[in-house]
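See structure below.
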Number of protein chains: 2
Amino acid sequence: MSEKTNTPKCATCGSRNKSVFCSLNTEQLTQIDTDKSCEFYQKGEVIFKEGVMARGIFCVNNGKIKLSRMGQSGKEQIVRFATGGDIIGYNSMLSKKPLSATATALDKSAVCFIPAKNFFQMIRDEPNFSLKILELTAKNWENASRLITDMAQKTTKQRLAEMLLWLKETFGLDEDNCIDVQLSREEIANMVGTATEAVIRLLGDLKKQKLIALEGKKIKLLDIHGLVVLADLVD
Amino acid sequence: MSEKTNTPKCATCGSRNKSVFCSLNTEQLTQIDTDKSCEFYQKGEVIFKEGVMARGIFCVNNGKIKLSRMGQSGKEQIVRFATGGDIIGYNSMLSKKPLSATATALDKSAVCFIPAKNFFQMIRDEPNFSLKILELTAKNWENASRLITDMAQKTTKQRLAEMLLWLKETFGLDEDNCIDVQLSREEIANMVGTATEAVIRLLGDLKKQKLIALEGKKIKLLDIHGLVVLADLVD
DNA sequence: CTTAAAGTATGATATTTGTCATAGATCCTA
DNA sequence: TAGGATCTATGACAAATATCATACTTTAAG
């Protein structure tokens with residue numbers, strides 16, 4: 001009937017249980033359903049742009065999203081990813097500053113928009129929701145401070161190994177042990193913080209070391225423990 | 001009379017207005033006063049150590065604190081600073097994970113300890129406090145994601161210039177335009193993410209470029225705009 | 001199906017940065 | 001105030017990485 005025919009309902013959202021919305025009751029979910037909207041994005045489409053003020057938060061229904069910042073002379077730096085159940089854009093709401101990153105779909109994605117009003121209402125009315133968001137922002141900081149340390153101290157090869165493991169954690173592996181996301185060498189370079197050529201060479205090295213295999217664009221992880229050791233993430 | 005004779009009162013704390021506690025009422029401040037304790041630290045003393053579970057948050061009454069992580073083979077990475085009015089240790093409380101950084105006094109400092117119970121009670125009872133903390137953690141993320149980008153993309157010299165500006169923002173300048181904190185070249189290197197020798201050489205370069213002057217351990221900023229341009233932070 | 005465009009790959013070279021060695025300066029303590 | 005320890009400084013060299021040039025490969029568009 002309405003223009004919202006394709007809009008998924010929160011109550012039946014497959015991603016809800018692992019999201020910050022898990023503790024809301026039916027009434028609260030219905031309220032969100034009433035006010036939210038949902039958009040579908042193709043690979044490469046921009047969901048929101050760094051620098052503008054956020055007017056609400058975005059909740060990923062399904063798909064794969066990269067969050068990146070423009071650094072030196074326009075070079076992209078990927079700082080985070082989001083998949084089903086993750087929310088994005090909330091930092092800008094909370095800090096009352098412009099969005100600090102651009103969100104881009106890496107794949108066909110469905111993303112709901114929840115207006116600021118509802119977001120702040122949930123924070124005020126539902127201490128458990130508030131705590132969930134606090135937990136989320138705290139974990140973000142902890143990940144970020146680790147990333148700062150690694151960027152500052154590790155070699156390019158170690159960082160590459162670490163990023164491959166991060167991609168595995170975030171997007172998982174397919175039946176064939178390949179990392180289940182399509183990124184260009186340039187995008188990988190923009191995570192690692194190096195030149196595209198360096199990534200190509202270093203992926204070649206990792207292949208020679210039998211840590212990975214390259215099947216076209218797909219990266220297959222052959223020796224996860226070896227990558228962990230190389231990246232110097234525990235042993 | 002008691003062992004808390006030297007413990008400063010929240011109500012008269014000079015740093016309170018710029019802290020997250022600014023919106024609490026007298027009753028709430030009194031409650032904190034009852035439960036908190038205060039410790040005094042000399043330069044170099046450790047306030048808390050990375051890896052252990054936090055049992056409360058710390059509020060800096062006055063002094064200068066560095067927060068650092070152990071990276072590759074024990075090399076320190078400084079990820080944040082705290083001064084009067086700042087709270088530290090809360091991320092670990094909120095994420096329910098061990099402390100992700102070590103806090104060390106850079107100077108004679110007074111730091112209050114507020115038990116977890118009080119902290120969570122304030123979050124539950126006082127939505128404005130909750131929002132303050134959310135604002136803080138969101139800003140932390142935004143700073144961190146900028147730092148990640150800069151670590152990944154900028155040259156060592158640019159990062160050094162940026163860190164000098166960061167120190168200026170955090171600790172201010174003394175009467176003589178010198179950055180008002182005493183850090184060793186090694187500590188600066190541990191912010192910038194490079195070797196001590198590189199910092200020494202690059203400080204020499206900045207001096208030749210008349211952007212700074214070195215007076216013993218003190219670093220005098222001669223051309224702040226020049227540093228901003230070099231660090232590629234706007235223009 | 002053809003062609004242009006984009007992405008991937010590889011080599012050569014220049015630059016930056018890390019590492020090691022050493023020496024001078026400063027600070028602290030006995 | 002002498003002496004050791006730590007911090008700062010500088011040179012020489014090695015290693016890592018960026019940059020530029022070029023070719024190959026895959027993808028997308030007409």
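Just so it is clear: chains get the letters A, B, ... in the order the sequence lines come, proteins before strands, and each one is counted from 1. No hydrogens, no waters, no symmetry mates; every other heavy atom, side chains included, goes into these values.
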Open item on the list: Salt bridge or not between A:K210 and A:D223? Use side-chain N to carboxylate O under 4.0 Å.
Closed with: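 No, no charged N to carboxylate O under 4.0 Å.
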Task: Any B:S184 side-chain nitrogen or oxygen under 4.0 Å from OP1 or OP2 of D:dC7 - done: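 No, because none of the side-chain N or O atoms of B:S184 sits under 4.0 Å from OP1 or OP2 of D:dC7.
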- [ ] Look at B:T194 and C:dG18 and indicate whether a side-chain polar atom (N or O) is within less than 4.0 Å of OP1 or OP2.
- [x]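 Indeed, a polar side-chain atom of B:T194 lies that close.
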Grab the [atom1]-[atom2] distance between [X] and [N] for me, whole Å please.
X	N	atom1	atom2	result
B:K43	C:dC27	NZ	P	11 Å
B:R159	C:dG18	CZ	C1'	13 Å
A:I200	D:dT17	CD1	P	16 Å
B:K218	D:dT8	NZ	C1'	18 Å
A:Q182	C:dA6	CD	P	19 Å
A:I219	C:dG7	CD1	C1'	14 Å
A:L160	D:dA16	CG	C1'	15 Å
B:L214	D:dT10	CG	P	10 Å

- [ ] Would you classify B:T155 as touching base, sugar-phosphate or nothing, given that sugar-phosphate means primed atoms plus P, OP1 and OP2, and contacts are heavy atoms under 4.0 Å?
- [x]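 Sugar-phosphate contact only - B:T155 comes under 4.0 Å of backbone atoms but never of a base.
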- [ ] Just call it for A:K157: base, sugar-phosphate, or nothing, with non-hydrogen atoms closer than 4.0 Å on any strand.
- [x]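 Counting heavy atoms under 4.0 Å across all strands, no contact is made by A:K157.
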Can you tell if the side chain of [X] reaches within under 4.5 Å of the side chain of [Y], non-hydrogen atoms only?
X	Y	answer
B:L206	B:I219	no
B:I179	B:L173	yes
B:M163	B:I78	no

Task: Closest listed nucleotide, where the reference is the side chain of A:A195 and the choices are D:dA18, D:dT17, C:dT19 - done: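 Looking only at side-chain atoms, A:A195 lies closest to D:dA18.
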Task: Among C:dA9, C:dG7, D:dT8, the nucleotide that comes nearest once only the side chain of B:R185 is considered - done: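 Among C:dA9, C:dG7, D:dT8, the one nearest the side chain of B:R185 is D:dT8.
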Under-3.5 Å donor-acceptor pair between [X] side chain and [N] base:
X	N	result
B:E186	D:dC7	no
A:E197	D:dC20	yes
A:R201	D:dT19	yes

Open item on the list: On DNA chain C, compare the nucleotides closest to A:L183 and B:L202; which residue's is nearer the 5' end?
Closed with: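 Nearest nucleotide further toward 5': that of A:L183.
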- [ ] Grab the two heavy atoms, one from B:A54 and one from B:S92, that are nearest each other, plus how far apart they are.
- [x]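 Reported closest heavy-atom pair: CB-OG, 3.5 Å.
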